Amino acid sequence: MTVRTDTQSLRRARRAGLAAFVGTTIEWYDFYIYATAASLVFGTVFFPATGDRLTGVAAAFATYAVGFFARPLGGIVFGHVGDRVGRKTALVVTLTMMGAATFLVGCLPGYDQIGTWAPILLVVLRFVQGLAVGGEWGGAVLMAVEHAPPDKKTFYGAFAQAGNPAGALLATGLFSLLSTGGTEWLATWGWRIPFFASVLLIGVGLIVRLKVEESPVFEETVEETGVPILYAVRTNWKPILLGICVLPVAVGGYYLVTTFATAYATDPAVGVSESLVLNALTIAAFVELVMSFGAAWLGDRFGRVRVVVIGLAGVALLAAPQFLVLSTKNAVLIIAAFVAMRLAMTATYSPIAAILSQMFRPRARYTSISLSYQLAGALFGGLSPLVSTLLFQATGSVWPAIGLLIGMCVLSIACVLAAPQHTDSPDTV
């Protein structure tokens, strides 16, 4: 009987891990096609009245940042649903919301057709995207980690984390393919195709997600939670603040070396072709996807905190080469730099799901982990590309962005070393 129970638990863990991977892949695909489009075409499609390219890109990144500022609200709303109604219910709703908003972005007329209504509607849909992602990540991570055996939580948490590079791979890979049609075609019609394709992916994700059992930790603690946001703010405010400071590189540095790097590299002052940057990002995303589970395995084997600290040190060392190599326009060097950076990023990101989820005791955990991750996303993820673009525009140099990334690494290292780690026992409050 014991063997059968263990087998059933492992089967549930694998199913939860697969659902977390598929769901977060789709969510991040939707998020990254927006990021890529903001880097390449939204400045001219929705903000042509700004006058010059960098100002248009900055305006597009401002709408991109709106999604990040909506994410904490999404974390509160769906954290409440996840802590009171169930993780599974919250995740089905967030996936549906994201798919609808993404499809509608693809339908939007540009500034030339409807004037200022175009950027206004873009901001509204971006806000809905942010709400959905704000509720998605915490639930997907908890479904994977809470189903996992105690000695494999980092590995199973990586299923949710691997959805990030998988979504990026789909997004940049599709844009890379579409860019072969030329810049003009991409800016007028081609950019819409990835947004329309989201509908098919959402259907697949819902089928997989609806088959997953509810988290066992939720089933044991739901009656004791009370009002999740009140409990989280009253009891977990210290680890929530610490969690925010654990995440600058995992959620913000990533966008510096992808979204801002794309805008910087394709700026006329640098002159790297869009296709080369997109190809480099696609290859790097594939490498990160493949190595995500390796980094998580190392986390279970040698300690997840140790793996993350090593990764953060690697990001700091690679910060300057990542950007300086772009001026060479050498495809091999650029691709190698992007791949090396994403390998280091993998070590900072893949184990973070287990680290962050175990920073909080089971009560109100969905709300608490979502607040930490999404507030960090708003602060570091939403503002990093915008601030870096403005710094580059003001100074004509990429060094301020490099310094920003290194500073984020230092903060992350200090806080991850101080992060507490708890068990899943419902008796620990």
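Note that the structure is predicted; figures quoted are calculated from it, not measured. Positions are given from 1, in the same order as the sequence printed here. The analysis underlying the following values was restricted to heavy atoms, covering all of them including side chains, and did not include hydrogens, waters or symmetry mates.
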Aromatic contact, [X] with [Y] (centres under 6.0 Å):
{"X": "Phe195", "Y": "Tyr29", "value": "no"}
{"X": "Phe260", "Y": "Tyr255", "value": "no"}
{"X": "Phe42", "Y": "Trp191", "value": "yes"}

Rounded to the nearest 0.5 Å, what separates atom [atom1] in [X] from atom [atom2] in [Y]?
{"X": "Ile334", "Y": "Asn279", "atom1": "CD1", "atom2": "CG", "result": "11.0 Å"}
{"X": "Leu186", "Y": "Leu177", "atom1": "CG", "atom2": "CG", "result": "10.5 Å"}
{"X": "Leu281", "Y": "Tyr32", "atom1": "CG", "atom2": "OH", "result": "10.5 Å"}
{"X": "Phe338", "Y": "Thr282", "atom1": "CZ", "atom2": "OG1", "result": "10.5 Å"}
{"X": "Leu174", "Y": "Ile33", "atom1": "CG", "atom2": "CD1", "result": "8.0 Å"}
{"X": "His147", "Y": "Leu142", "atom1": "NE2", "atom2": "CG", "result": "11.0 Å"}

Using only atom types and a distance under 3.5 Å, with no angle test, would you say the side chain of [X] pairs donor to acceptor with the backbone of [Y]?
{"X": "Ser350", "Y": "Ser292", "value": "yes"}
{"X": "Arg365", "Y": "Ser357", "value": "yes"}
{"X": "Ser176", "Y": "Leu278", "value": "no"}
{"X": "Gln161", "Y": "Tyr349", "value": "yes"}
{"X": "Thr96", "Y": "Val92", "value": "yes"}
{"X": "Lys153", "Y": "Val145", "value": "yes"}
{"X": "Thr24", "Y": "Ala160", "value": "yes"}
{"X": "Gln113", "Y": "Gly110", "value": "yes"}
{"X": "Thr89", "Y": "Val85", "value": "no"}
{"X": "Asp83", "Y": "Thr367", "value": "yes"}

Which atom names give the shortest non-hydrogen contact between [X] and [Y], and what distance separates them?
{"X": "Ala90", "Y": "Tyr366", "result": "CB-OH, 3.6 Å"}
{"X": "Leu324", "Y": "Val398", "result": "CD2-CG1, 4.3 Å"}
{"X": "Leu108", "Y": "Ala118", "result": "CD1-O, 4.3 Å"}
{"X": "Gly130", "Y": "Arg71", "result": "O-CG, 3.1 Å"}
{"X": "Gly135", "Y": "Phe78", "result": "CA-CB, 3.6 Å"}
{"X": "Val325", "Y": "Ala337", "result": "CG1-CB, 3.6 Å"}

Check: Mind checking whether Phe302 and Trp297 have parallel, tilted or perpendicular rings, split at 30° and 60°?
Finding: perpendicular
Check: Between Phe293 and Phe155, what is the ring plane arrangement, given parallel below 30°, perpendicular above 60°, and tilted in between?
Finding: tilted
Next item on the list: Given side-chain contact (heavy atoms from CB on, under 4.5 Å), test Ser388 with Leu404 step by step and report yes or no.
Entry: CA-CA 8 Å; Ser388 299; Leu404 177 62; 3.9 Å; yes
Check: Residues two or more places apart in sequence or in another chain: which of them pass side chain to side chain contact (heavy atoms under 4.5 Å, CB included) with Phe286?
Finding: Leu169, Val290
Check: Are Asp151 and Asp300 side-chain neighbours, meaning at least one heavy-atom pair lies under 4.5 Å?
Finding: no
Check: Is there a side-chain contact between Met408 and Leu256 (heavy atoms, below 4.5 Å)?
Finding: yes
Next item on the list: State whether the number of non-hydrogen atoms from other residues, nucleotides or ligands found under 6.0 Å of Arg306 atom CZ is greater than 12.
Entry: no
Note to self: Within the supplied structure, the quantity of interest is the number of heavy atoms (other residues, nucleotides, ligands) at a distance under 6.0 Å from Met359 CE; does it exceed 12?
What the structure shows: yes
Next item on the list: State plainly whether the residues Lys88 and Glu146 are in salt-bridge range, i.e. N to O under 4.0 Å.
Entry: no
